Amino acid sequence: MMILKENATVKENHRNICDGIELLRQIRNSSLKAVFFDPQYRGILDKLSYGNEGEKRCKARSSLVQMTEMEIQIFIAEIERVIADSGYLFLWVDKFHIAEGIKLWLENTPKMKIVDVITWNKGKIGMGYRTRRKAEYLVVIQKEPILAKATWKLHNIPDVWDEKVIKKHPHSKPTELQKQLILATTEEGDYVCDPASGGYSVFDACNSINRNFIGCDIQFGDN
């Protein structure tokens with residue numbers, strides 16, 4: 001299946017360096033079953049306000065290009081367009097967005113419905129004035145019509161997932177979890193998209209299970 005438009009400049013199965021919105025705009029309508037999105041927002045840095053962004057443990061994260069709330073909405077609007085009916089968006093968020101909600105991000109995409117949340121136990125303790133952060137959260141969003149049995153093949157994925165990662169990027173994510181989610185929602189040869197790839201863990205997952213990848217990062221990738 002051709003997923004890229006005829007005038008596309010990005011490459012399939014490649015670490016493209018470009019803006020993620022521009023990559024999404026080169027993908028055909030309703031052509032993907034699964035998209036992962038890890039938006040780089042200042043939410044948790046601003047909430048914690050540690051004043052130590054120049055220190056070693058925060059320097060890498062704070063140096064990344066930040067997305068505005070409006071940019072995240074534009075990303076999700078483009079994701080809604082490229083996802084097939086009943087396809088999935090896997091959206092990474094922190095605990096502040098879990099507590100305060102992400103409805104603002106979804107207000108212009110009424111077909112995108114939250115259907116589940118997975119907690120990733122990273123196995124290491126991070127920062128925190130009160131409780132120390134040990135988890136991140138993956139919001140599972142499905143494009144209407146909402147179907148479970150016909151679109152989700154694995155039924156052994158727990159909603160609390162333990163996995164340590166070797167940090168290749170300030171936002172390294174669990175490859176094995178992402179691999180299981182790809183297996184649950186796609187077939188061999190299908191395309192999986194990650195328009196803000198960071199350390200390209202989704203690409204690594206796709207390579208291990210015979211899925212095609214389309215993705216990019218604005219700062220990291222191959223020429």
Side-chain angles (χ1 to χ4, degrees), residues 20 34-73 75-76 79 88-106 112 114-141 154 156-184 194-205 208 215 217-220:
V35 176
F36 288 80
F37 183 36
D38 181 18
Q40 170 58 28
Y41 44 78
R42 287 197 57 87
I44 196 161
L45 290 175
D46 290 340
K47 288 285 186 182
L48 295 173
S49 298
Y50 282 105
N52 62 353
E53 291 184 20
E55 295 182 11
K56 184 177 180 181
R57 70 185 304 181
C58 296
K59 188 174 182 180
R61 176 170 186 152
S62 62
S63 67
L64 297 175
V65 177
Q66 310 294 320
M67 296 178 189
T68 66
E69 297 289 305
M70 182 175 292
E71 285 174 321
I72 293 171
Q73 284 184 309
F75 263 98
I76 292 177
I79 289 169
Y88 288 93
L89 164 61
F90 298 103
L91 177 66
W92 287 104
V93 299
D94 56 48
K95 67 179 179 181
F96 293 112
H97 286 92
I98 285 290
E100 296 180 359
I102 59 169
K103 287 188 175 180
L104 176 64
W105 295 356
L106 301 174
M112 304 293 279
I114 296 172
V115 294
D116 210 336
V117 177
I118 298 169
T119 300
W120 169 37
N121 175 16
K122 298 188 285 187
K124 59 183 293 186
I125 294 178
M127 299 181 298
Y129 276 136
R130 298 176 182 85
T131 59
R132 304 286 296 276
R133 293 188 295 113
K134 195 178 179 181
E136 291 185 34
Y137 305 90
L138 189 62
V139 180
V140 182
I141 299 171
L154 299 185
N156 59 349
I157 301 173
D159 67 355
V160 178
W161 183 273
D162 299 328
E163 183 176 345
K164 292 184 179 180
V165 301
I166 299 173
K167 210 166 183 64
K168 301 178 181 178
H169 181 271
H171 290 281
S172 291
K173 293 297 185 287
T175 302
E176 185 62 30
L177 170 58
Q178 294 175 135
K179 182 170 75 174
Q180 294 303 310
L181 294 170
I182 293 167
L183 286 169
D194 184 354
S197 295
Y200 286 90
S201 56
V202 173
F203 191 9
D204 292 339
S208 69
D217 193 86
I218 199 169
Q219 293 175 273
F220 302 90

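These figures come from a predicted structure and were not determined experimentally.
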* Would you please say whether a donor-acceptor pair under 3.5 Å links the side chains of Gln73 and Glu69? =>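 Absent: no donor and acceptor within the cut-off.
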Please find the pair of heavy atoms, one from [X] and one from [Y], that lie closest to each other, and give the distance.
| X | Y | answer |
| --- | --- | --- |
| Ser197 | Asp217 | N-OD1, 3.7 Å |
| Gln178 | Ser201 | NE2-OG, 2.9 Å |
| Pro174 | Val165 | CA-CG1, 3.6 Å |
| Ala135 | Thr119 | CB-CG2, 3.8 Å |
| Val139 | Ile98 | CG2-CD1, 4.2 Å |
| Ile157 | Ala184 | CD1-CB, 4.2 Å |

* Asked: Name the one of Lys122, Lys95, Lys124 that satisfies salt bridge (Lys or Arg N to Asp or Glu O under 4.0 Å) with Glu136?
  -> Lys122
* side-chain hydrogen bond (donor to acceptor under 3.5 Å, both in side chains) against Trp161, all qualifying residues, sequence neighbours excluded ->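 Listed in chain order: Glu163.
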* Using the test side-chain hydrogen bond (donor to acceptor under 3.5 Å, both in side chains), find all partners of Asp38 that sit at least two apart in sequence or belong to another chain. => Lys173
* Asked: Who pairs with Asp204 by salt bridge (Lys or Arg N to Asp or Glu O under 4.0 Å), at least two apart in sequence or on another chain?
  -> Arg15, Lys168
* Go through the steps to decide whether Ile118 and Phe90 satisfy the test side chain to side chain contact (heavy atoms under 4.5 Å, CB included), and finish with yes or no. => CA-CA 10 Å; Ile118 298 169; Phe90 298 103; 5.8 Å; no
* **Side-chain heavy atoms of Leu181 within contact of Leu138, under 4.5 Å** => yes
* Are Leu106 and Ile141 side-chain neighbours, meaning at least one heavy-atom pair lies under 4.5 Å? ->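 With C-beta onward as the side chain, the pair touches.
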* Please work out which of the three classes, parallel, tilted or perpendicular, describes the rings of Trp92 and Trp120, given edges at 30° and 60°. =>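 The rings of Trp120 and Trp92 stand perpendicular, inter-plane angle above 60°.
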